[in-house]
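Take a look at the structure set out below.
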Amino acid sequence: MSIHNADIAAAFEEIADLLSIQGANAFRIRAYRRAAQMLRSLPHEIAAGTDPAVYASLPGIGADLASKIAELVRTGELDSLNRLRREVPAGARDLLSLPGLGPVHVRTLVSGLRIGDRAALRQALAAGRLAGVRGFGPALRGRLEAALARPASEAARRLPLSQAAQYAEPLRDFLAAVPGVERAEIVGSYRRGRDTVGDLDVLLCAGDAADPIAALRGYADLGALNASGRTKAAGVLRNGLAFDLRVVAAESFGAALQYFTGSKEHGIRLRQIAHARGLKLSEYGLFRGKQRLAGRREEDVYAALGLAWVPPELREDRGEVAAAERNALPQLLLRSELRGDLHVHTRATDGNDSLADMVSAARAAGLSYVAITDHSKHLGIVHGLDAGRLARQCDAIDALNARMRGFTVLKGAEVDILADGSLALPDSVLAQLDLVIVAVHSHFDLSEAKQTARVLRALEHPCVTILAHPSGRLLGEREPYTLDFERLFAAARSRPCYLEVNGQPQRLDLDDVRVKAAIEHGVLLSLASDAHSVEQFANLDGAVRQARRGWARRTDVLNARPLAELRRLLRATRG
DNA sequence: GCCGTTTTCGGCCCGACTGTTTTCAGTCG
């Protein structure tokens, strides 16, 4: 088994948690957390073909962490972590996730009271053993009892962005309508366009006279308000989604927008730059002493720090601050630059709408070409096409093209990759299509070696154009299958064939980090709606957002090319 | 534990709210 960046990051995060329970130096703990965060954002696998001598050149990795990475890659284990696991009770780390319990309180529980997991804490609370313990007043004890009473499955779960939007936008609109509120914005990971959202962050601009936090108590969807002061409130909606609300004045709104959009790591970079220049950056503005240098507009804050304005999608501390300093940020892809959509279904298989309606909707979405790619027969659940039905669909497309000006329908199919890497339709059929999408829809649990061999074999097929939803993940439902993406990218580049960024809200696959990696490998991307009904061409917005988070420019995208160039690129896949 | 346009040692981002304080530590974002 090979070690992935995420495994190393998880080990470092566990070390950080355990050290914090032991009361170690806070900056030492932060070093582990930052290293973990950096590793999760790295666009290549560090264990694969990286000279261990190079580890220490990564940002936030010094001699010590480099040697720990080397140990993990070599042995799959970490001595120092194993030692920490022996020193701290096994359930103690889990206690950190309870609301209101930080490392100091957990240390009190573990070393002072021999309470080392949830069950022991529940018992101690019931027996009244915590009454009178320093730091554990009645309010905190009540919070803990409530949290322990909730089933673990209710533990805060990240929602797909599109789902979070259904709650965020009404909340924002409600607050925007409160008298005295001048602006209301959803910030946080929502504004950054992350695939999932853990909680909602809402920022308001209002003068002293307005009291939006009081008004919030009248919001019909409010579940509970856990904290509320003059400028800040925190609570949960009825559906359990947590939110934070902040109120600032107009002269601070831009700084607050920057601050609460995050990410946290991006913000820390900015505050470090301010600090190095003898300035102070907070949600209230950029200050020299008491003098506010910027704050009203977000652009001004970046400019006053000597930085180009960074699009929110890039604010993940993945090199964007350094690029902004050099004025070398990428010109990110725009939705208006997409010329077509290469993954669309009709009711011939599992779609809802007719070929003609899907084509009309594609035109209405501002596109100039679309590929119809219904499922191959093998996938039982979707009434897949056999050779005969596919041939009739191709005739219908020919007839449609003959009637239309300025728009082109391409003939395609989404073909299953069978367990052994062969395809579910015969070559004679595939050869007649303009493009062939292949996808894994079964046997998700193969070993990494077998899954990789399977997919690479499919990509070697001379008719194959695009690999759809390459990781197979379904947000909140199914983990990605294990696949060696380094080899996938290399294969796609040399073949050549193209990788999809699937815009379905539950998929968003490739993810942002892998979009960036694919681009760095020189692989072109196909941004697809995977629409199964006319309204789902809106999925293209999600695909674009995801691609932008992976630093995609127009030139990195297959379907941002005009039709003639697209046809040339499709032909290039056929050797 | 990391790092260098003040530094190879001594720093390391910033502020609101809560609870339990008798002046502030802890948690959170």
Side-chain angles (χ1 to χ4, degrees), chain A residues 12 15-16 19-21 23-38 55-69 80 95-109 130-144 147 156 187-190 197-203 213 225-235 242-248 252 255-256 258-287 295 301 305-306 317 321 325:
Chain A
F12 284 176
I15 289 176
L19 285 175
S20 77
I21 291 170
N25 177 286
F27 297 106
R28 185 177 163 217
I29 294 164
R30 190 199 299 178
Y32 280 102
R33 292 200 196 285
R34 296 185 59 174
Q37 198 272 336
M38 184 278 299
Y55 297 160
S57 67
L58 292 165
I61 304 292
D64 184 84
L65 291 186
S67 77
K68 288 190 164 72
I69 293 173
S80 56
L95 292 176
L96 278 178
S97 65
L98 290 170
L101 277 196
V104 174
H105 286 143
V106 171
R107 186 158 64 253
T108 302
L109 292 174
L130 259 51
V133 175
R134 186 176 178 78
F136 289 84
L140 179 57
R141 297 204 303 273
R143 263 177 99 182
L144 292 174
V187 288
S189 48
Y190 182 95
V197 171
D199 67 358
L200 301 178
D201 296 289
V202 184
L203 177 65
I213 290 175
L225 215 49
N226 299 329
S228 69
R230 212 177 51 77
T231 64
K232 173 175 171 170
F243 67 86
D244 284 298
L245 176 67
R246 287 293 297 258
V247 188
V248 298
S252 295
Q258 192 289 309
Y259 188 95
F260 293 111
T261 295
S263 67
K264 182 175 177 173
E265 291 75 17
H266 175 88
I268 288 173
R269 289 269 175 231
L270 265 52
R271 293 193 287 283
Q272 284 171 339
I273 290 173
H275 193 83
R277 298 179 180 203
L279 309 176
K280 189 182 69 167
L281 177 62
S282 75
E283 60 265 51
Y284 298 109
L286 179 66
F287 295 90
V301 174
L305 290 170
D317 191 23
V321 175
E325 280 181 313

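Below, chain A is the first sequence line, B the second, and so on; all start at residue 1. Keep in mind that this is a model prediction, so the values were computed, not measured.
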Tell me, with the steps shown, if A:Arg246 and A:Val187 meet side-chain contact (heavy atoms from CB on, under 4.5 Å).
CA-CA 10 Å; A:Arg246 287 293 297 258; A:Val187 288; over 6 Å; no
Kindly give the heavy-atom pair with the smallest separation between A:Ile213 and A:Gly229, and that separation in Å.
CD1-O, 3.5 Å
Can you tell me how far P in B:dC28 sits from the matching atom in B:dT23, rounded to whole Å?
25 Å
For nucleotides B:dT21 and B:dT27, find the distance between their C1' atoms and express it as a whole number of Å.
16 Å
Compare side-chain N and O positions of A:Arg230 against OP1 and OP2 of B:dC17 and report whether any pair is under 4.0 Å apart.
no
Sugar-phosphate, base or nothing in reach of A:Phe12, heavy atoms under 4.0 Å:
nothing
5' to 3', nucleotides 21-29 of chain B under a 4.0 Å protein heavy-atom cut-off (B base, S sugar-phosphate only, - none) gives -----SSSB
With P as the reference atom in both, quote the distance from B:dT7 to B:dC12 in angstrom, rounded to an integer.
15 Å
Quick one: A:Glu265 CD to B:dC13 C1', roughly how many Å, whole number?
12 Å
Check the orientation of A:Tyr32 and A:Phe12. Use parallel for under 30°, tilted for 30 to 60°, and perpendicular for over 60°.
perpendicular
So, is A:Arg271 near the phosphate of B:dC13, with a side-chain N or O under 4.0 Å from OP1 or OP2?
no
Apply side-chain contact (heavy atoms from CB on, under 4.5 Å) to the pair A:Leu130 and A:Leu109, showing each step before the final yes or no.
CA-CA 9 Å; A:Leu130 259 51; A:Leu109 292 174; 4.2 Å; yes
Please give, in whole Å, the distance from B:dG1 C1' to A:Asn25 CG?
8 Å
Taking the side chain of A:Thr231 as its heavy atoms from C-beta onward, which of B:dC14, B:dC17, B:dC13 lies nearest to it?
B:dC17
Evaluation steps, side-chain contact (heavy atoms from CB on, under 4.5 Å), between A:Leu203 and A:Val248
CA-CA 8 Å; A:Leu203 177 65; A:Val248 298; 4.1 Å; yes
To the nearest 0.5 Å, tell me how far A:Asp244 CG sits from A:Leu200 CG.
9.0 Å
Rounded distance in Å - CD1 (A:Ile29) to P (B:dC12):
17 Å
Are there any protein N/O atoms within less than 3.5 Å of an N/O atom in nucleotides 2-6 of chain B, and if so, which ones and at what distance?
from: B:dC2; atom 1: OP1; to: A:Gly62; atom 2: N; distance (Å): 2.6
from: B:dC2; atom 1: OP1; to: A:Gly62; atom 2: O; distance (Å): 3.4
from: B:dC2; atom 1: OP1; to: A:Leu65; atom 2: N; distance (Å): 3.2
from: B:dC3; atom 1: OP1; to: A:Gly60; atom 2: N; distance (Å): 2.8

Rounded at 0.5 Å granularity, tell me how far OG in A:Ser263 sits from CD1 in A:Ile268.
8.5 Å
How far does the P atom of B:dG11 sit from the matching atom of B:dA16, given to the nearest Å?
25 Å
If we take the C1' atom in both B:dC2 and B:dT8, what is their distance in whole Å?
12 Å
Comparing A:Ala227 with A:Gly267, nearest DNA chain B nucleotide closer to 5' gives the residue A:Gly267
Determine the interatomic distance between P on B:dC13 and the same-named atom on B:dC17; round to the nearest Å.
23 Å
Distance in angstrom units between A:Arg30 CZ and B:dC13 C1', rounded
7 Å
Mind running side-chain contact (heavy atoms from CB on, under 4.5 Å) on A:Arg141 and A:Leu144 for me, showing each step along the way?
CA-CA 5 Å; A:Arg141 297 204 303 273; A:Leu144 292 174; 5.8 Å; no
Output the rounded distance in Å from CD1 (A:Ile273) to P (B:dC14).
13 Å
With a 3.5 angstrom cut-off on both distances, give the Watson-Crick or G-U wobble partner of B:dC9, or none if there isn't one.
B:dG4
A:Arg277 side chain to A:Leu305 backbone, donor-acceptor under 3.5 Å:
yes
Drop me the distance from A:Leu58's CG to A:Met38's CE, to the nearest 0.5 angstrom.
4.5 Å
Atom P, compared across B:dC14 and B:dT6: separation rounded to whole Å:
16 Å
To the nearest angstrom, how far is A:Leu130 atom CG from B:dG19 atom P?
16 Å
Whole-Å distance, A:Ile268 CD1 to B:dG15 P, equals 13 Å
